[in-house]
Number of protein chains: 2
Amino acid sequence: MNSYEPIPVPASATGCMPAHFSNCSGGVCAALGIKASGIHAGFRKNPERKDLALVVADDVSVCAATFTQNRFCAAPVQLDRKRAATGRIRAVMLNSGIANAATGEEGYAHAVKSAAMLSQALGCPEEEVEVASTGVIGPQLELGPFETGIPAAVAGLSHANDAAHDAATAVMTTDTHPKEAALAGILPSGTLIHLGGFVKGSGMIQPNMATMLAVVTTDAALDAVSAKKALLAAVQGSFNKVTVDSDTSTNDSCFLIATGKAEGPAITEESDDFSVFCAALKELCQELARQIASDGEGSTKLITIDCVGARTDEEAETVARSIANSPLVKTAVFGNDANWGRVAAAAGKCGVPFDQDQVDIDFLGVPVCRKGRPVPVDEDHMLELFRADEIPIAIDLGQGLAHCRIWTCDLTHDYVSINGDYRS
Amino acid sequence: MNSYEPIPVPASATGCMPAHFSNCSGGVCAALGIKASGIHAGFRKNPERKDLALVVADDVSVCAATFTQNRFCAAPVQLDRKRAATGRIRAVMLNSGIANAATGEEGYAHAVKSAAMLSQALGCPEEEVEVASTGVIGPQLELGPFETGIPAAVAGLSHANDAAHDAATAVMTTDTHPKEAALAGILPSGTLIHLGGFVKGSGMIQPNMATMLAVVTTDAALDAVSAKKALLAAVQGSFNKVTVDSDTSTNDSCFLIATGKAEGPAITEESDDFSVFCAALKELCQELARQIASDGEGSTKLITIDCVGARTDEEAETVARSIANSPLVKTAVFGNDANWGRVAAAAGKCGVPFDQDQVDIDFLGVPVCRKGRPVPVDEDHMLELFRADEIPIAIDLGQGLAHCRIWTCDLTHDYVSINGDYRS
């Protein structure tokens with residue numbers, strides 16, 4: 001080992017769980033007033049695989065949502081953009097297997113029609129239903145599976161943990177497991193609130209303004225304005241900081257449903273409760289975002305990239321993202337190799353100006369580069385450290401105080417197999 | 001098959017070999033007045049592997065060069081930038097095995113010293129020698145191998161094809177074979193000229209203003225200004241349009257040596273000969289660039305991405321590069337899958353505005369998407385076409401007349417093995 005101090009990473013980067021909050025069970029149903037279900041409707045051939053998920057509020061609720069910035073965006077995203085703007089929601093319906101992207105006017109009409117079918121079954125206005133799809137781009141989303149699936153899914157709606165788990169399972173594509181999280185805690189006003197959610201996403205993951213598909217819920221009494229503001233901040237600091245393969249999906253969507261079922265005063269942007277709620281929501285979204293990165297297609301390890309000492313937040317993010325998207329860095333981690341030269345090269349290529357003689361780099365908290373020069377390391381000790389599930393890499397540009405954290409995963413043989421064999 | 005016409009790709013994209021020019025043998029020694037050699041000097045442990053290359057002009061010659069834009073740039077790049085500005089050159093010395101990057105003041109001093117050792121052996125001013133290194137980042141470039149290697153390499157200098165081939169071999173790292181090209185032809189003035197060169201590069205390849213390491217030579221009578229202009233244009237249309245893994249190297253360098261040994265009038269920017277020379281140089285550089293892409297680490301296929309119908313050259317390049325760097329597109333080609341949805345998603349994510357309902361996509365000249373919607377294809381026929389070594393993918397944004405071609409390769413298990421096992 002050497003005598004250098006590790007790069008100091010800001011405490012704010014390592015989590016934002018507020019005081020008086022902790023993890024709890026229940027996933028998307030942890031929030032009072034939220035039911036869910038997940039069934040096999042027939043979008044997939046395998047009858048063992050669930051492919052239709054519902055998240056339904058007991059009563060009409062406050063809604064906020066963010067969507068992909070991809071120009072080639074899916075039909076449901078085009079529909080949801082309009083509906084989310086109303087700030088009111090009763091239900092989100094999600095299918096896996098077919099993305100309903102590149103499906104033209106017919107695909108859009110089918111998104112509208114499927115939402116209408118659910119609104120009829122629930123007895124609510126069409127405009128209070130949002131829809132989301134994930135799967136193969138190109139094929140038409142047929143209505144048949146909805147006709148038989150919606151009645152079954154509505155019949156199965158429940159507040160139970162199992163129902164939340166079924167919904168999280170039904171949205172999976174190449175995900176290896178469902179991804180859920182939930183928090184409970186007490187706001188400054190004394191109100192006990194819950195937050196819960198699920199997310200899916202494994203490949204084509206570099207969310208821009210939203211993640212692949214996420215539904216997060218809370219029983220906190222937000223209004224539409226505060227819900228939107230809280231969601232944007234949480235997404236920016238969580239899902240938008242994940243990259244698996246630098247590919248932004250056509251279908252990325254993140255929905256927040258706030259039922260207001262928690263007993264307590266309304267939360268507005270001015271209230272003391274608001275900032276604590278925002279921190280809790282960001283914590284929830286970060287827990288889900290980390291699950292995406294660590295389940296990246298074919299991955300064996302979660303990689304956390306911290307860029308500190310940048311002049312601006314934007315420059316810190318550009319450098320961190322350039323490192324996170326470098327195939328050479330990602331394969332080096334797969335190979336248990338603290339190859340900091342690849343980190344340095346990835347930082348240097350992205351257009352952010354810095355002095356290479358001021359750059360420090362750590363792998364797994366161990367200084368490996370100081371002032372642009374190698375630092376001797378105990379290779380056996382490094383190999384031991386590389387057995388961890390999470391590999392932190394930190395770079396200090398030595399220029400300022402700005403910081404950014406990005407989550408990614410290693411690049412492996414299985415990534416190539418999954419995506420080289422996807423349709424073959 | 002379907003009845004749609006393939007996307008028309010501009011003829012200029014498919015090559016720029018001028019009339020009265022053709023390929024010839026000789027590599028970097030094809031140009032009159034150029035000697036080369038390649039030997040094992042000891043930068044690598046394996047005595048079978050050559051690791052020191054020389055390209056030496058019989059007399060002081062005109063020089064132009066371009067270098068990496070990576071902020072983390074190697075010591076020889078820092079030295080060469082100054083020397084190339086003089087426009088005069090006698091020799092380039094290149095070693096493989098050690099990159100002399102992240103080596104601090106000592107690395108820079110060793111670059112200067114090694115150049116001085118060669119200038120003494122050749123009897124020319126120090127400033128007429130340029131040096132280049134490729135290999136592992138971090139370790140110090142020791143002077144010992146130069147002390148014994150330079151006399152041997154100078155003794156081996158020759159105008160013969162074998163000497164050119166030895167030099168091209170000595171610069172290889174993960175390259176699977178040496179990469180050489182040469183052209184001969186007659187300029188409008190009647191002058192017979194030759195152009196030749198070699199290049200190395202297989203991973204960490206997304207050159208920005210230059211390629212990994214290339215030396216191109218000509219006996220045409222250029223002055224320093226016309227040499228610089230011709231080289232910049234050729235590099236922009238060749239090496240700078242290649243991406244293997246989106247990683248820009250710390251060491252990218254491209255040198256042009258013009259000996260003026262061809263008999264004929266001087267070539268200036270105003271002469272008729274100049275534009276023909278520029279086309280020939282671009283053709284030579286494209287041939288070398290294509291060799292880099294098709295020998296990308298672990299690759300099995302060369303992929304040619306054409307973006308047509310863009311509003312500007314910049315937008316065409318942004319879209320083509322986004323597709324070329326998409327791991328999902330690259331693995332799809334590895335899997336013989338005309339998965340145009342991934343091409344559409346990669347185009348849509350890069351920030352260039354377009355209407356998805358106007359987008360056409362072809363794989364291997366076969367229309368697979370028209371106006372944003374799938375076109376039925378004969379899957380067996382496509383599988384047959386995928387047996388080709390080169391896979392053209394074309395996208396028409398339907399917005400304008402601008403076009404860009406980018407070369408890349410597929411992403412395979414072997415890429416992961418090569419880079420995951422690099423130091424293990």
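Throughout, a chain's letter reflects where its sequence line sits, starting with A, and its residues are numbered from 1.
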Most chain B-contacting option - heavy-atom pairs closer than 4.5 Å, from Val359(A), Asp357(A), Thr412(A), Asn336(A): Thr412(A)
Do the non-hydrogen side-chain atoms of Thr408(B) and Val242(B) ever get within less than 4.5 Å of each other? no
Which residues share a side chain to side chain contact (heavy atoms under 4.5 Å, CB included) with Ala101(A), sequence neighbours left out: Ala74(A), Ala99(A), Ile137(A), Thr250(A), Asn251(A)
Counterpart residues, side chain to side chain contact (heavy atoms under 4.5 Å, CB included), relative to Gln78(B) (two or more places apart): Gln356(A), Cys73(B), Tyr108(B)
Presence of salt bridge, Asp396(A) and Arg370(A), under 4.0 angstrom: no
Could you check which of Gly138(B), Pro374(B), Ala344(B) has the highest count of heavy-atom pairs closer than 4.5 Å to chain A? Ala344(B)
Where does Val352(A) contact chain B at under 4.5 Å (heavy atoms): side chain, backbone, both or neither? backbone
